[in-house]
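These notes concern the structure reproduced below.
In what follows, chains carry the letters A, B, and so on, assigned in the order in which the sequence lines appear, proteins first and then strands, with residues in each chain numbered from 1. The figures that follow rest on heavy atoms only: side chains count, while hydrogens, waters and symmetry mates do not.
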Amino acid sequence: VVSSPNSTVQASSFAHVIFQNVAKMYLPNAPLECHYTLTPYIKPHSKDWVGIFKVGWSTARDYYTFLWSPVPDNYVEGTSVNRVLIFQGYYLPNDDGEFYQFCYVSHLGEIRGASTPFQFRAASPTDDLLM
Amino acid sequence: VVSSPNSTVQASSFAHVIFQNVAKMYLPNAPLECHYTLTPYIKPHSKDWVGIFKVGWSTARDYYTFLWSPVPDNYVEGTSVNRVLIFQGYYLPNDDGEFYQFCYVSHLGEIRGASTPFQFRAASPTDDLLM
Amino acid sequence: SGKESPVSANESIASHFALVTAYEDIKKRLKETEKENAVLRRRVRALEERIQRTDREEEKNVVG
Amino acid sequence: SGKESPVSANESIASHFALVTAYEDIKKRLKETEKENAVLRRRVRALEERIQRTDREEEKNVVG
């Protein structure tokens, strides 16, 4: 159960995938676009995936929902690539007041990136969170 | 470096000391009262200590300041005891916008309790955070 | 961030526990503050409308 | 909380990293929301004072 102690090498690898333009709120039951950048430090694999996790998760098995992250067409190793995945509304959490985050998980189960947190909130006319 | 994998037994032990009445703000440079309860699950030791840590700390060595937690007089094993320690203002963080928390650390270096976070903020007449 | 010394599994679990405690409280405070914010915004809007009404009435008085 | 399965050191470090990312952002939002809150409170106070002044003036007008 206890893995090798090379935690310092491991640590930097948590930022090999960078999530972009993550909103604070998403509509439940609507398609959700997830934008991310594969940095040159990651070698994408067809069994890598992006999961939506409730913040405070313990293991990669705690994902709420996930999508495979296909290897980009014409992928050149050592380059940076922007990707988009679209989560369908049906599989997303409801307006439950919880915070979630995207995580990129390698085919070996390693976390290679984590996003800032977001909530699912139904649109409401009394909600005006902008100043 | 890697310890035994009995993480589940360990997990519950993180709440063997409960911090009470922790404020959201403390004045910098003023004595700070730290109230806590030793639950019956902990056997206090004269080299146990309470540290003030910046939230997000990695190891028990990351404490900002600490005080020994003396074994209570007439301590009876298996009972619950309320304790108070007073941190002197001189040793406390300044108004730095950071969040800190108390942690109770056993003489063996194990974390036995962690508090909710607080900040150090100089009193200001424009600050009225109460509704 | 400059600290690169390896951390034991138990310490890692302990620091995670402490961070969860802190995170849960900060999350609660954010929600409370956002709610207060929404209440304050409504109050500002109501007061502004009241002032606009008064201003219009005064104008009428002056003109009339 | 019902999950008691042992978690590897690497997973524990990974989940800690992810929580740090989340915590830092929630902390930032709390600070921003608290600042907005302070601005809104001042705005409410200013508007309330203005209304009180207007009310007093109107009273004078009625009485005088």
Side-chain angles (χ1 to χ4, degrees), chain B residues 1-25 36 49-64 97-106 108-119 121 127-131, chain C:
Chain B
V1 170
V2 170
S3 316
S4 65
N6 60 343
S7 57
T8 59
V9 179
Q10 196 74 15
S12 52
S13 75
F14 297 134
H16 285 180
V17 175
I18 314 283
F19 290 93
Q20 311 282 6
N21 307 321
V22 178
K24 290 183 184 180
M25 309 281 172
Y36 56 100
W49 50 281
V50 173
I52 293 180
F53 291 75
K54 194 184 284 186
V55 171
W57 57 271
S58 298
T59 91
R61 294 183 301 280
D62 293 343
Y63 64 87
Y64 185 92
E98 296 288 345
F99 285 93
Y100 292 87
Q101 66 187 158
F102 302 117
C103 292
Y104 187 100
V105 186
S106 82
L108 299 172
E110 305 151 341
I111 306 293
R112 308 300 293 274
S115 80
T116 53
F118 50 84
Q119 288 175 289
R121 201 175 282 183
D127 264 13
D128 43 316
L129 290 163
L130 292 165
M131 276 295 262
Chain C
S1 58
K3 280 169 201 151
E4 298 263 308
S5 66
V7 170
S8 79
N10 273 356
E11 268 197 313
S12 161
I13 294 162
S15 65
H16 190 66
F17 162 80
L19 184 56
V20 167
T21 304
Y23 164 77
E24 289 295 336
D25 192 63
I26 296 289
K27 185 178 81 174
K28 207 183 76 195
R29 285 194 224 174
L30 175 60
K31 286 182 183 178
E32 286 167 1
T33 311
E34 280 178 346
K35 257 182 218 155
E36 281 179 14
N37 224 304
V39 171
L40 286 166
R41 274 171 213 285
R42 274 198 292 275
R43 179 103 183 105
V44 165
R45 209 174 307 137
L47 290 170
E48 281 174 345
E49 279 169 14
R50 192 169 146 186
I51 286 171
Q52 272 178 8
R53 268 200 312 274
T54 317
D55 285 355
R56 271 201 300 273
E57 276 165 29
E58 267 179 22
E59 244 171 76
K60 262 197 291 183
N61 289 348
V62 169
V63 173

| said: Are the side chains of Ile26(C) and Pro117(B) in contact, using a 4.5 Å heavy-atom criterion? | reply: yes
| request: With the side chain counted from C-beta on, respond yes when Phe14(B) and Ile13(C) share a heavy-atom pair under 4.5 Å apart, and no when they do not. | output: yes
| query | Just wondering, are more than 12 heavy atoms of other shown residues or ligands nearer than 6.0 Å to OH in Tyr63(B)? | reply |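 Not more than 12 within 6.0 Å, no.
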Heavy-atom pair with the smallest gap, counting every atom of [X] and [Y]:
{"X": "Val55(B)", "Y": "Leu19(C)", "result": "CG1-CD1, 3.6 Å"}
{"X": "Ala22(C)", "Y": "Gln101(B)", "result": "CB-NE2, 4.0 Å"}
{"X": "Thr21(C)", "Y": "Ser115(B)", "result": "CG2-O, 3.7 Å"}
{"X": "Trp57(B)", "Y": "Ser15(C)", "result": "O-CB, 3.3 Å"}

| query | Looking at His16(C), Arg29(C), Glu24(C), which makes the most heavy-atom pairs under 4.5 Å with chain B? | reply | Arg29(C)
| task | Against chain C, label Phe99(B) side chain, backbone, both or neither, depending on which of its atoms sit under 4.5 Å from a heavy atom there. | result |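 Only the side chain of Phe99(B) comes within 4.5 Å of chain C.
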